[in-house]
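All remarks here apply to the structure that follows.
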Amino acid sequence: MSTPVVGRFAPSPSGYMHLGNLLAMLLAWLDCRALGGEMVFRMEDLDPARSKPAYRDAMAADLRWLGLDWDRGWPEDGGYAQSERRALYEEAFQSLAARGLVYPCYCRRSERLAAASAPHPGEREHDGGCRCAELTEAARAALDFSRSPAWKLRAPDETIMIHDGHYGPFTQNPARDIGDFIIRRADGVYAYQLAVSVDDMLMGVTRVVRGRDLLSSAPRQKWLIETLGGAAPAYCHCPLLTGGAGKLSKRLGSLSTETLRREYRGEEIVGRLAFLCGLTDRDAPVSARELVSAFSWEKIEKEDIPLK
Ligand code: GLU
């Protein structure tokens with residue numbers, strides 16, 4: 001029997017969504033529905049300080065407005081918000097720790113790194129200069145007195161290849177290209193890389209569709225899932241929307257969906273996004289459902305898309 005197709009929406013409620021997020025959500029939904037798959041909605045509210053209930057509610061409203069539905073998940077079903085899943089992250093963390101794959105990091109810099117959020121462009125990830133991996137047990141014990149550490153994963157020193165469904169083969173050696181990375185912050189909040197891997201694995205996700213700014217996270221996530229005993233999903237990254245030159249594009253690009261929802265019908269936005277990414281050849285209102293049968297990654301732009 002073949003594995004059922006499971007796609008996911010995984011927004012972070014640290015702000016209102018913008019058009020770029022909506023494009024990724026639309027493509028995730030089309031990819032999943034075109035394969036007859038089941039869609040899961042996971043709320044990525046890992047960081048209590050940055051997540052706001054108003055943003056969480058807006059996300060569900062945005063998806064409904066665009067005509068993108070889901071079969072299980074937030075808010076109808078329990079256990080689909082990351083804030084409710086700490087025990088599962090703890091279990092995965094302990095399993096990595098039992099294999100000697102994690103170590104405490106006492107650098108102040110670790111606290112500043114926003115490890116609970118997905119890394120987005122321009123953010124420096126390589127934490128050069130940290131020597132905590134080399135601390136002796138005695139030095140750790142002494143430091144433990146004064147402060148609680150963040151926990152880092154020893155990045156695997158091996159070439160990991162993913163076959164991205166849109167961008168093709170992508171290789172990375174995490175030890176060389178990224179360095180050891182935080183999987184639990186000093187305040188106990190689990191980091192994005194760990195949480196997203198555990199969730200995709202336990203929720204049975206088989207297709208991850210998201211913006212290509214997260215392509216460089218995919219090899220680490222594949223490695224984490226496989227190390228935890230799961231099967232990694234297929235990854236399909238999509239182009240990002242960039243600010244265009246025209247007045248309308250500037251306005252549209254800067255508007256949050258809270259405002260867009262008041263001013264436009266969902267079908268107008270779906271039509272605009274489908275046209276911009278290459279799925280349709282004219283900018284006209286269309287329902288997401290109508291796009292399913294003709295959906296193909298071959299039609300989708302690879303370059304980032306300036307708003308027109
Ligand atoms: N929650 C992440 C974000 O909104 C996306 C995570 C993912 O798709 O892996 O940036």
Side-chain angles (χ1 to χ4, degrees), residues 1-12 17 19-44 59-77 79-82 118 162-168 195-215 217-218 221-222 225 230-241 257 266-267 269-271 273-280 286-302 305:
M1 221 173 72
S2 61
T3 322
V5 170
V6 180
R8 42 81 146 181
F9 298 122
S12 297
M17 291 206 275
L19 277 179
N21 302 127
L22 298 186
L23 175 63
M25 302 285 155
L26 174 63
L27 294 177
W29 185 87
L30 287 171
D31 173 83
C32 176
R33 295 308 192 205
L35 293 167
E38 179 192 24
M39 201 66 193
V40 173
F41 184 178
R42 175 167 81 234
M43 183 51 68
E44 299 217 322
M59 276 156 195
D62 291 341
L63 294 173
R64 293 196 178 101
W65 163 68
L66 291 182
L68 310 181
D69 59 354
W70 55 97
D71 306 290
R72 59 185 161 99
W74 195 87
E76 291 84 2
D77 305 310
Y80 284 86
Q82 290 187 327
I162 63 151
H163 291 273
D164 187 83
H166 195 42
Y167 290 100
V196 84
S197 306
V198 168
D199 288 347
D200 284 336
M201 177 176 85
L202 297 181
M203 292 177 183
V205 171
T206 65
R207 305 205 44 98
V208 167
V209 176
R210 59 189 176 190
R212 72 175 187 87
D213 49 339
L214 289 172
L215 180 58
S217 291
Q221 294 170 9
K222 172 178 152 70
I225 291 174
Y235 293 94
C236 265
H237 290 81
C238 64
L240 307 176
L241 284 187
T257 52
E267 298 192 352
I269 298 296
V270 169
L273 291 172
F275 173 66
L276 285 173
C277 75
L279 260 186
T280 55
V286 63
S287 72
R289 184 70 54 192
E290 284 171 88
L291 295 172
V292 172
S293 59
F295 177 76
S296 149
W297 279 101
E298 279 172 19
K299 296 182 187 164
I300 311 282
E301 284 286 343
K302 288 218 165 56
I305 305 166

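The distance from atom CG of L215 to atom NE2 of H166, rounded to the nearest 0.5 Å, is 11.0 Å. The distance from atom OG of S217 to atom NZ of K222, rounded to the nearest 0.5 Å, is 15.0 Å. Annotation: the span from L66 atom CG to L273 atom CG amounts to 7.5 Å, rounded to 0.5 Å. Between the CG atom in N21 and the CG atom in L26 there is a gap of 12.5 Å [rounded to 0.5 Å]. How far CD1 of I305 is from CG of L23: 5.5 Å, rounded to the nearest 0.5 Å.
For K299 (side chain) and C277 (main-chain N/O), no donor-acceptor pair under 3.5 Å exists by modelled atom type. A distance-only check finds no donor-acceptor pair linking the side chain of S197 to the backbone of I225 [under 3.5 Å]. The main-chain N or O of G73 is found under 3.5 Å from a side-chain atom of D77 such that the two form a donor-acceptor pair.
Residues satisfying the side chain to side chain contact (heavy atoms under 4.5 Å, CB included) test with C238, not counting sequence neighbours, are A24, L27, W297. With sequence neighbours left out, the side chain to side chain contact (heavy atoms under 4.5 Å, CB included) criterion links A218 to I162, R210, Y235, H237. Partners of R33 under the salt bridge (Lys or Arg N to Asp or Glu O under 4.0 Å) rule, at least two apart in sequence or in another chain, are D69, D71. Remark: Y80 pairs with R72 by the side chain to side chain donor-acceptor pair (under 3.5 Å) rule, at least two apart or across chains. Under the side chain to side chain donor-acceptor pair (under 3.5 Å) criterion, S287 pairs with E290, sequence neighbours left out. By the side chain to side chain contact (heavy atoms under 4.5 Å, CB included) test, A81 is found to be paired with M43, D45, W74, S83, E84, residues two or more places apart in sequence or in another chain being considered. Residues passing the salt bridge (Lys or Arg N to Asp or Glu O under 4.0 Å) test with E76, sequence neighbours excluded: R64. A search for salt bridge (Lys or Arg N to Asp or Glu O under 4.0 Å) contacts involving R42 returns E44, D199, D200, not counting sequence neighbours. Qualifying side chain to side chain donor-acceptor pair (under 3.5 Å) partners for T257, counting only residues two or more places apart in sequence or in other chains: D62.
At a threshold of 4.5 Å between non-hydrogen side-chain atoms, the residues I300 and P239 count as touching. For the pair M39/L63, no side-chain contact is recorded, criterion being any heavy-atom separation below 4.5 Å from C-beta on. Residues R212 and K302 have side chains not in contact (no heavy-atom distance under 4.5 Å, counting atoms from C-beta outward). Side chains of L68 and F9 form a contact here, defined as non-hydrogen atoms less than 4.5 Å apart. Inter-residue side-chain proximity for E267 and V286 is flagged as unmet; no heavy-atom pair is nearer than 4.5 Å. Contact of the L19 side chain with the I269 side chain is registered, since non-hydrogen atoms from C-beta on lie closer than 4.5 Å. Two residues are said to be in side-chain contact when any heavy atoms from C-beta on lie closer than 4.5 Å; P11 and F41 meet this criterion. Inter-residue side-chain proximity for V6 and C32 is flagged as unmet; no heavy-atom pair is nearer than 4.5 Å.
Shown here for L30 and A288, the closest heavy-atom pair between the two residues is CD2-O, 3.6 Å. Heavy atoms only, all atoms of each residue included: P233 and V208 are closest at CG-CG2, 3.7 Å. The heavy-atom pair separating P75 from W70 by the smallest distance is CD-CZ2, 4.2 Å. Between A118 and L214 the shortest heavy-atom distance is CB-CD2, 3.6 Å.
Under the salt bridge (charged side-chain N to carboxylate O under 4.0 Å, His left out) criterion, the residue pairs touching residues 20-31 are D31-R207, with sequence neighbours excluded.
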If you apply the rule side chain to side chain contact (heavy atoms under 4.5 Å, CB included), what do you find for L279 with E301, and how did you get there?
CA-CA 9 Å; L279 260 186; E301 284 286 343; over 6 Å; no
